[in-house]
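Comments concern the structure below.
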Amino acid sequence: MTPTAEATVTDPNITDLIDLNALFTPDELALRDRVRAYVQTSIKPRIAEWYEAAEFPREVIKGFADLGILGMHLSGYGCPGGSSVDYGIAMMELEAGDSGLRTFVSVQGSLAMSAIHKHGSEEQKNQYLPGMAKGEIIGCFGLTEPTAGSDPGSMQTTAVREGDTWVINGAKRWIGLASIADLAIIWAMTAEGVRGFIVPTDTPGFTATPIQQKLSMRASIQCDIDLVDVKVSESQRLPNAKGLSGPFKCLNEARYGIVWGAMGAARDSLEAVLAYSAERLQFGQPLAAYQLTQKKLADMAVEINKGVLLALHLGRMKDKNGGLEPHQISTGKLNNVREAIEICREARAMLGGNGITLDYSPLRHANNLESVRTYEGTDEVHTLVLGQRLTGIPAFRLG
Ligand SMILES: Cc1cc2nc3c(=O)[nH]c(=O)nc-3n(C[C@H](O)[C@H](O)[C@H](O)COP(=O)(O)OP(=O)(O)OC[C@H]3O[C@@H](n4cnc5c(N)ncnc54)[C@H](O)[C@@H]3O)c2cc1C
């Protein structure tokens with residue numbers, strides 16, 4: 001017997017083995033339920049279609065704005081003003097739908113809006129943030145280059161000052177949303193070191209070209225950007241960003257969201273395989289009745305419960321202390337993405353041949369998580385952050 005693709009677990013708390021719900025406030029649970037309901041009704045029914053067509057569904061932007069999750073943990077300037085835990089919960093529920101759609105919210109809120117909120121002038125914040133929180137202005141964040149990924153300090157893009165004007169030349173790669181964005185935060189090397197600029201995407205010399213034939217994150221957009229004599233005024237420079245700490249402070253926000261998001265993808269995969277294995281009969285019994293199956297389900301659920309606990313601990317600490325140390329974020333990102341990808345792959349295998357179709361979510365999630373383990377610091381980069389923390393010896397570069 002082949003279960004229908006719609007087979008679902010009926011108890012939404014079935015994977016909560018340790019009463020995680022008791023650790024959230026009623027408002028946090030209500031937020032979770034609101035975002036979960038949106039994902040259930042507006043994303044899940046169509047995600048396979050968008051993923052196969054490699055289409056980012058722009059209609060979700062308004063839905064996300066209405067949910068109040070764009071720039072969710074930023075305050076003032078028309079931003080929702082939620083907590084870090086609120087933001088994390090929303091990311092977990094969104095990524096249970098699809099990592100590509102969670103990535104939209106990360107790029108818009110944690111990267112582009114956060115860059116302006118952290119480093120911008122009052123005028124810049126008032127000009128851009130209210131429209132960005134409403135989803136009326138889309139932003140992107142250009143740090144990575146064709147030859148500078150894990151080592152952004154080796155960037156080749158330059159900004160040269162000529163009077164009150166900056167002239168930017170270079171190239172960026174893998175820039176989320178760039179082809180639909182109204183503004184790009186562009187990080188460039190100047191005579192004084194790395195600086196950030198708000199570049200309207202209709203500025204002459206700015207071109208964004210979507211990267212095609214992706215096997216991961218198909219329902220989202222990443223682009224190559226070319227910058228040829230792009231001119232912006234000094235008033236478009238982010239005045240409070242000096243050096244690489246400028247972009248890194250924004251990346252830390254996005255990395256924190258991933259700690260939660262990865263657990264959403266893992267939970268959705270576990271729920272899919274729980275439903276499937278309860279109905280799928282082989283050798284006369286449901287797959288769920290076999291001990292080998294139960295061990296896999298139990299291992300997945302244990303890791304998800306541990307991963308959510310870790311995310312929640314980091315979130316509460318972030319809210320209490322106003323931030324997290326880099327090694328704390330690395331611990332969460334490295335662990336939760338590593339565990340999530342294993343869970344999604346195992347869930348795919350447990351679906352047998354049916355698991356390689358878009359009728360079921362685990363392989364889509366696993367493929368998306370290939371990107372998630374690469375962006376916002378690869379597994380290796382986060383391992384090196386932790387190695388440095390433990391030994392005191394930076395091992396990022398030789399010699
Ligand atoms: C879907 C997607 C969305 C993205 N969105 C954005 C975005 O919006 N904005 C943006 O600026 N960037 C974005 N990126 C880029 C992303 O941040 C980079 O891909 C990432 O930093 C890795 O850089 P790279 O791809 O150049 O790989 P490389 O840095 O070339 O790394 C290749 C491999 O070498 C390993 N490696 C590197 N250095 C070391 C070392 N010292 N020791 C051991 N191993 C090492 C890496 O871990 C990796 O396994 C996105 C990427 C993807 C895939």
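Numbers for residues simply follow the sequence, beginning at 1. The analysis underlying the following values was restricted to heavy atoms, covering all of them including side chains, and did not include hydrogens, waters or symmetry mates. Start at 1 and go down the list; that is how both ligands and their atoms are numbered.
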Which ligand 1 atoms are under 4.0 Å away from a heavy-atom of [X]?
X      : value
Leu143 : 11 (O)
Leu384 : 40 (C), 41 (N), 42 (N)
Glu380 : 44 (N), 46 (C), 47 (O), 49 (O)
Gly149 : 21 (O), 23 (O), 24 (P), 26 (O), 29 (O)

Winner among Ile175, Thr144, Val372, Leu177 once heavy atoms are compared against atom 16 (C) of ligand 1: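 It is Thr144 whose heavy atom sits nearest to atom 16 (C) of ligand 1.
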Test item: protein heavy atom less than 4.0 Å from [atom]:
atom                    : answer
atom 30 (O) of ligand 1 : no
atom 34 (O) of ligand 1 : no
atom 2 (C) of ligand 1  : yes
atom 39 (C) of ligand 1 : no

Looking at [X] and [Y], does any basic side-chain N land under 4.0 Å from a carboxylate oxygen?
X      : Y      : value
Arg364 : Glu52  : no
Lys231 : Glu162 : no
Glu271 : Arg267 : yes
Lys172 : Glu145 : yes

Where does [X] meet ligand 1, judged by heavy-atom distances below 4.0 Å: at the side chain, the backbone, both, or neither?
X      : value
Phe396 : backbone
Thr374 : both
Thr103 : neither

What I'd like to find out is whether the side chain of Glu28 reaches to under 4.5 Å of the side chain of Val85, using heavy atoms alone. yes
If you take the centroid of each ring, where Trp contributes its six-membered ring, are Tyr375 and Trp174 closer together than 6.0 Å?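 No.
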Do [X] and ligand 1 have an N or O pair less than 3.5 Å apart?
X      : answer
Gly142 : no
Thr378 : yes
Val107 : no

Thr147 near ligand 1, heavy-atom distance under 4.0 Å? no
Return the orientation label for the His119 and Trp187 ring planes: parallel under 30°, perpendicular over 60°, tilted otherwise.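 Ring orientation, 0 to 90° scale: perpendicular.
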Hey, what's the ring geometry for Trp260 with Phe24, parallel, tilted or perpendicular (30° and 60° as the breaks)?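 Aromatic pair Trp260/Phe24 classed tilted.
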Verdict with reasoning, Glu325 to Arg389, per salt bridge (charged side-chain N to carboxylate O under 4.0 Å, His left out): CA-CA 10 Å; Glu325 302 275 333; Arg389 171 73 188 180; 5.1 Å; no
